[in-house]
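These notes concern the structure reproduced below.
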Amino acid sequence: MLTLKYITENTDEVIARLKKKHFDGSDIINNIVELDERRKITQTAADNFSAEMNSLSREIGLLFKAGKQVEANEAKEKTITLKENISKLSEQRDEIEQKLQDLLVLIPNLPHQSVPEGKHAEDNITERTGGVFPELGTDAVPHWDLAKKYDLIDFELGVKISGAGFPVYKGKGARLQRALINFFLDNARDAGYLEVQPPYVVNAASGYGTGQLPDKEGQMYHCNLDDLYLIPTAEVPVTNIYRDVILDEKELPIKNTAYSACFRREAGSYGKDVRGLNRLHQFDKVEIVRIDTPEHSYESLTEMVNYVQSLVEKLELPWRILRLCGGDMSFTSALTFDFEVYSAAQQRWLEVSSVSNFESYQANRLKCRYRTADKKTQLCHTLNGSALALPRIVAALLENNQTPEGIRIPKALVPYTGFELID
RNA sequence: GGAGAGGUGGCCGAGUUGGUCGAUGGCGCACGCCUGGAAAGUGUGUAUACCCCAAAAGGGUAUCAUGGGUUCGAAUCCCAUCCUCUCCGCCA
């Protein structure tokens, strides 16, 4: 969320910038400014009474020690009304602070200046494209048919065991998964990311930290008995490593990478979007996360985008990078680049990565701060991106590389799979 | 799951017959002195959030796991919750 301070000091600017996200914040923000005024007044009053109370208590103690019972008891009388005032005012202050909190979480992050105007996915700007579009024969088939033909993925078996969206990978299909995970992790390590293995379930505090809670509660699987959530992405546990932490400027940027299975309920999805590997309840992903200074975070974002580009290039897939428009961006992001690869048999672009700078929006919730060289503490910037999500990469690899002899594995991946052809 | 012990500042660790305790001390860290340089020694400083103040300086409030309670006053007493450790049980 945005900081109270920023909103109250830059009210008009905040309202104006939110328009790009098609968010009319004027009512909420004016309300916040007003509540903040009341908050300050109430706190000042409460603090003054508390100060009086503290000094009176000290006096009473001294009086008792001196054996002046009568004076002590007189002083005690005075504390009664003080106490009432204090509890009344702090109750008010708590109420105001709660209201402020409730309003603050309703405001999305401010879009970066470079975010294009626009409402829908069609308004996104294509930054660059690359790779070679494959020339497939007329008998080319989508990946779900290929998965069956070569016995790589059994969707029906997953339905039997768990339900739709939980495929079972078999033989070279399973080995391809493992190969991709290792390929992505090794590349990340070479690019300077520290590999971490996080928990796959998180508590509510972590869910709030990265913003999945409270608004996206319905998208996460929840274990009632222990009140734990299955992670929808490794971003959640990895970013929460830095919750309630004050880092030293010298440690930044922090670069972490993690492989994890991801679990998403995907409530409300249907149709061709969910066919085959296009949308799953459980899938594998390697994530990259950075914690950085405000001065350097956009440089980091560029590095991350370039890094992800290097991955799709090594996999020899046709790709494009989109700069998301204000209307298509996530609630918490300041600037997002989506990566899509072309899945030739489906003849459609599939999103395989989303790389974002959240600036201090997420860090404010996490209370992830750093100490500058001159000893000031301030909020970090957080960034993350998929590098990469497996299922759609697999879909594109299978479809684009199908030949009469079998499915060709890109060169860079062969050392990881141990085979060059799926036949 | 059963029994016990405990959760204090970046870390270690005092403080529980309630009273200037945000908290002794040590380590670490920062700056200075000392030194040719370093070590040792020595001096000073070293939490976070919010509020008052135009700002600096300064002052105030809150925080000793979390939430509540008792009291004029709680790190210290009471209750609840969470967590950690030890032993037993179970187990990859």
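Below, chain A is the first sequence line, B the second, and so on; all start at residue 1.
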Margin query: I want to verify a distance call: between B:A62, B:A49, B:C50, whose nearest atom is closest to the A:S50 side chain?
Written below: B:A62
Checklist line | Pairing partner (Watson-Crick or G-U wobble, both distances under 3.5 angstrom) of B:C53 | finding: none
Next item on the list: Take atom CG of A:L379 and atom P of B:U48, then tell me their distance rounded to the nearest Å.
Entry: 13 Å
Next item on the list: Output yes when at least one side-chain N/O atom of A:K83 is less than 4.0 Å from OP1 or OP2 of B:G73, else no.
Entry: yes
Checklist line | Identified pairing partner of B:A14, criterion: Watson-Crick or G-U wobble below 3.5 Å | finding: none
Margin query: Using modelled atom types and a 3.5 Å cut-off, is there a donor and acceptor pairing between side-chain atoms of A:R392 and backbone atoms of A:N278?
Written below: yes
Check: Hey, is CD on A:E251 packed in by over 12 heavy atoms from elsewhere, all under 6.0 Å?
Finding: yes
Margin query: Could you check whether any side-chain N or O of A:S360 sits under 3.5 Å from a backbone N or O of A:A363, counting only pairs where one atom can act as donor and the other as acceptor?
Written below: no
Notebook entry, point to check: If we take the C1' atom in both B:C77 and B:G19, what is their distance in whole Å?
Noted result: 14 Å
Item checked: Passing candidate, side chain to side chain contact (heavy atoms under 4.5 Å, CB included) with A:I254, options A:I241, A:D292, A:L194, A:I291 -> A:I291
Note to self: Of the listed nucleotides (B:C72, B:C51, B:A62), which one gets closest to any side-chain atom of A:T44?
What the structure shows: B:C51
Next item on the list: Tell me which nucleotide among B:A30, B:C51, B:G19 gets nearest to the side chain of A:K65.
Entry: B:G19
Check: With a 4.0 Å cut-off on heavy atoms, is A:A75 in touch with a base, just the backbone sugar-phosphate, or nothing at all?
Finding: nothing
Next item on the list: Name the pairing partner of B:G37, where a pair is Watson-Crick or G-U wobble with both distances under 3.5 Å, or state none.
Entry: none
Next item on the list: Using a cut-off of strictly less than 4.0 Å, decide whether A:R371 has a side-chain nitrogen or oxygen near OP1 or OP2 of B:A47.
Entry: no
Next item on the list: Find the distance A:L100:CG to B:A49:P and express it as a whole number of Å.
Entry: 18 Å
Item checked: Assigned partner base of B:C90, Watson-Crick or wobble definition, under 3.5 Å -> none
Checklist line | Below 4.0 Å: OP1/OP2 of B:U71 and any side-chain N or O of A:S57 | finding: no
Check: So does A:N54 get a side-chain nitrogen or oxygen closer than 4.0 Å to the phosphate oxygens (OP1/OP2) of B:G19?
Finding: no
Check: Quick one: do the A:Q98 and A:D102 side chains pair a donor with an acceptor below 3.5 Å?
Finding: yes
Notebook entry, point to check: Under 3.5 Å, is there a donor-acceptor pair linking the side chains of A:T336 and A:S333?
Noted result: yes
Checklist line | Residue A:R39, side-chain atoms from C-beta onward, closest of B:C52, B:C50, B:A49 | finding: B:C50
Notebook entry, point to check: Considering Watson-Crick and G-U wobble pairs with both distances under 3.5 Å, what does B:A65 pair with?
Noted result: B:U81
Notebook entry, point to check: When rounded to the nearest Å, what value does the distance between P atoms of B:U76 and B:U70 take?
Noted result: 15 Å
Next item on the list: Give none if B:C29 has no partner; otherwise give the nucleotide forming a Watson-Crick or G-U wobble pair with it, both distances under 3.5 Å.
Entry: B:G45
Check: Just how far, in rounded Å, is P of B:C51 from CG of A:N48?
Finding: 14 Å
For nucleotides 89-92 of chain B, which of its nitrogen or oxygen atoms have a protein nitrogen or oxygen under 3.5 Å away, and what is each distance?
none

Margin query: Test your reading of the model: is there a side-chain donor-acceptor pair from A:E399 to the backbone of A:A345, 3.5 Å cut-off?
Written below: yes
Check: Would A:N182 and A:Y259 count as having a side-chain donor-acceptor pair, cut-off 3.5 Å?
Finding: no
Item checked: Euclidean distance for P, B:G13 against B:G26 (whole angstrom) -> 16 Å
